[in-house]
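Keep in mind it's a predicted model, so treat the numbers as computed, not measured. Side chains are part of it too, since the values below use all heavy atoms of this structure and drop only hydrogens, waters and symmetry mates. A note on names: the letters A, B, ... follow the listed sequences, proteins ahead of strands, and every chain is numbered from 1.
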Amino acid sequence: MTTPELPTQYTPADVETRSYSRWESEGYFRADPGSSREPYSIVLPPPNVTGVLHIGHALDHSIQDALTRRARMRGKEALWVPGMDHAGIATQNVVERKLGAEGLSRHDLGRQAFVEKVWQWKEESGGAILGQMRRLGDSVDWSRERFTMDEGLSRAVQTIFKRLFDDGLIYRAERIINWCVRCHTALSDIEVEHSEDDGELVSIRYSDEVVVATTRAETMLGDTAVAVNPADERYTHLVGTYVELPLTGRRIPIVADEHVDPAFGTGAVKVTPAHDPNDFEIGRRHSLPSLTVMDEHGVITAHGPFQGLDRFEARPAVVAALRAEGRIVAEKRPYVHSVGHCSRCKTVVEPRLSLQWFVNVGPLAKEAGDAVRDGRTRIHPPELAKRYFDWVDDMHDWCISRQLWWGHRIPVWYGPAGEVVCVGPDEQPPAGYTQDPDVLDTWFSSALWPFSTLGWPEKTADLSRFYPTSVLVTGYDILFFWVARMMMFGLYAMEGQPPFQVVALHGMVRDQYGKKMSKSFGNVVDPLDWIDRFGADATRFTLLRGANPGADVAVSEEWAAGSRNFCNKIWNATRFALMNGAAVGELPSDLTAADRWILSRLQHTIEAADAAFEEFEFAKVSDLLYHFAWDEVCDWYLELAKIQIAEGRTGTRLVLGHVFDALLRLLHPLVPFVTEELWQAVTGGTSVMVAQWPVADPRYRDPAAESEITALQELVTEVRRFRSDQGLKPGQRVAARLGLSGTALAAQEAAIRSLLRLEEPGDGFSATARFAVAGVSVEIDTAGAIDVVAERKRLEKDLAVARKEAAQVSAKLGNEQFMAKAPEDVVAKVRARATQSGEDIARLEAQLAALPAG
RNA sequence: GGACGAUUAGCUCAGCGGUAGAGCACUCGCCUUACAAGCGAGGGGUCACUGGUUCGAACCCAGUAUCGUCCA
């Protein structure tokens, strides 16, 4: 391949679209279940079809893409399954809002027409997400793209529902559920967000001796008892008696219940079984009637004067009426207490007695916990496993019915005489039966994702090959929402095989001050904006570089710019290598110390990168490749290579080719685009995507070369420091005498002189400064008086450091306890430091003494 | 109310018993023929606080404070 003319700046837009289309058309993303390779599979956590990908998705995808690309390069049959979920409430809300703008409601259209509208919207919205994924570089197998509402997945939903129903794990019951009065549907516990809100605490006198406190005064209309703790002596004599409920005239009993906290308020609580989960339980224990006083809109349905009032209008109205009767004995406003809100629309959730479908999670949750306990699935980082156990070990039954139109219709049909029939995928309901109008919670279908996407319930080749999946990558925020549910259903449907070998959790993306991103705060980053401005690689690298396991990731524009600079650095370094004929081939036998050093460092880097990848330490992988590339390859090896090339060492081009070939392959999973472009140029290969992942070769380990180059770096850095302190311009050549003979650097004189712009001492050589470093004496003729003040300052600073070191170290050596108890190698190290600091002090003192007065 | 996590350089974070680190920001000098999206040099930290364990603590233990998250 001829050396291409590469521009001096990397322009991501030029290569990204081109590379992605080529990868796709070449079929590199496709997995073959029939191959003999070891499988490696990931299912993408399906984004909501209604939304767009935010920077958090970009992090999630970058991690998965890095894992998938590395696995593919390591010769695995790598499969990354893409898709989206139908997001029941969210999607229905969006479409209803659009209809609302035209003055229509879903009821105007009717169920069938409305659902058709939603499908239209899904095509529009979902397309945007797919475009974003391509821009990010996601190497997903598009031929296997799935949607939770598509035919196969709907069949999976119906199949598992039927099985669970037949096993008695799905039931219908009247329970207190979380009701959203705006979305008009039941919600599960985890779809309710609690926040500390200002409210009021009103104490109401029910009788001379009974005062109750409540934050929801309007619910007193539905009270059917007052409860006290059985051990509370203040009320013992009242248990079993009745009080008259104010405003209503109803007589309600006073019951004793252990769950009443005698320390709260007066120790007596009102009991409203139809409108409070705790009260519902008390009601059950004492066979109290449940009295519903509110409809599904949150409007009061009982008691003349309040009937027709919204719950928030009824509250002050009820309090006013009670006050008029002299019943209000205390009011606290504001009273901060925890209030539940619909996670979708933020409306205050109303606990409501209602007939719903539930999953009996008992046996499923136990199995989900056990699978992690016995190691079938590993949660990473392990600290987060506790949160998982806390959840699955104390899980409440899961309310799965939703009063929506968009979603999987519950496959249960009712007969004229109240018969209930659950219908499987290939069955027909009996004639004259009508189907349950409700749909299933979206998470019900998402919970099947790791196997429904692979073809379950059919016994497909994909399923047998790629299940259980290798790893699930997702944020710790949906450990309960989603992970626990996939574990339950996966273990149930797949006979004890959990859906993932590893669950790798990452954190949330935050701004540069660690603040949560929010639209109202205005600190939201749009991944497409960054991709446009900095490139997809820089966007990915910024996120990965901050991704420590389970921890949040802070990002900012400055850091994205830094990542772009890194990509540009790689671009220019490779450009340099190509300009000097870098080529891949058998390495020459006469390698220089610099060559052997960089090859040795490469082995370290490969091993460290592998180790970090295995532990999902993406920040570490990024950081170590960054430093190998920039500090070692660019700052040192390329500079040394320039000298070798000038000396006519043609073998250098093969070392350059070898190093860049490996480096670009190592970087490819993180920054796929720039590495593809450059790797093809260096190697002439088809695609780095299908190149082999580098394998560390211990034969290239070379401690001797490493210590030689380390010494060179020390010497060069020290002389540069001298030059800088003396105000010598970088390009200014000065004469110097180097005492290299007999040192490890004897062979490096040419390189050292070149790096430091040091000329051979000429006839009139007269050293104006002398010092030693790494065992090498350096005498420099600065061609003029040196800056004595600067030099004295430099030496005194070094001397202070050396003296401090000597003091610390001799204190240790003088400590009998330390000498007796510290391990041998530690003592030896301290002794060496003592020797070194002693020599440094003597040398520096001599230099200071030799300095002309100034 | 319960649980967990955090507290290290101006900012964001690594390090988790044996000489305090990175990126960005900052200061100084440089258009040195790959790169100014760059090169070289430099400044900057009683590792939240108080005790304890240890020859030795940023690191282990106990407590305190502050912040954050989740659950109720």
Task: Phe576(A) six-ring centre to Lys642(A) NZ/CZ under 6.0 Å and within 45° of normal - done: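 Checked: cation-pi criterion met.
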
If I pick the [atom1] atom on [M] and the same atom on [N], what distance separates them, to the nearest angstrom?
| N | M | atom1 | result |
| --- | --- | --- | --- |
| C16(B) | A58(B) | C1' | 8 Å |
| C47(B) | U19(B) | P | 16 Å |
| A14(B) | U8(B) | C1' | 10 Å |
| C28(B) | C35(B) | C1' | 22 Å |

Task: RNA chain B-proximal residues of residues 720-727 of chain A, any heavy atom under 4.0 Å - done: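 Heavy-atom contacts with RNA chain B come from Arg720(A), Arg721(A), Ser724(A).
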
Task: RNA chain B-proximal residues of residues 816-829 of chain A, any heavy atom under 4.0 Å - done: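 Hits under 4.0 Å, by residue number: Gln817(A), Phe818(A), Lys821(A), Ala822(A), Pro823(A), Val826(A).
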
Which donor-acceptor pairs under 3.5 Å do side chains of residues 560-567 of chain A form with protein atoms, sequence neighbours excluded?
unit_1: Ser563(A); atom_1: OG; unit_2: Thr542(A); atom_2: N; d: 3.4
unit_1: Ser563(A); atom_1: OG; unit_2: Thr542(A); atom_2: OG1; d: 2.8
unit_1: Ser563(A); atom_1: OG; unit_2: Trp559(A); atom_2: O; d: 3.2

Open item on the list: By nearest heavy atom, map Pro12(A) and Lys812(A) onto RNA chain B; which one lands nearer the 5' end?
Closed with: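 Mapping each residue to its closest nucleotide by heavy atoms, the 5'-most match is Lys812(A).
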
TODO: Quick one: list whatever passes ring pair (Phe, Tyr, Trp, His ring centres under 6.0 Å) with Tyr637(A), sequence neighbours left out.
DONE: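 Ring pair (Phe, Tyr, Trp, His ring centres under 6.0 Å) check on Tyr637(A) returns nothing, list empty.
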
Open item on the list: For RNA chain B, please output the secondary structure as dot-bracket, reading 5' to 3'. Pairs are Watson-Crick or G-U wobble, both atom distances under 3.5 Å; mark crossing pairs with [ ], other-strand partners with |, unpaired with a dot.
Closed with: ((((((((.[[[[.)..(..]]]].(((((.......))))).....[[[[[..)....]]]]]))))))).

- [ ] Using the test salt bridge (charged side-chain N to carboxylate O under 4.0 Å, His left out), find all partners of Asp390(A) that sit at least two apart in sequence or belong to another chain.
- [x]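 Scan of Asp390(A) (salt bridge (charged side-chain N to carboxylate O under 4.0 Å, His left out), adjacent residues dropped) gives Lys386(A).
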
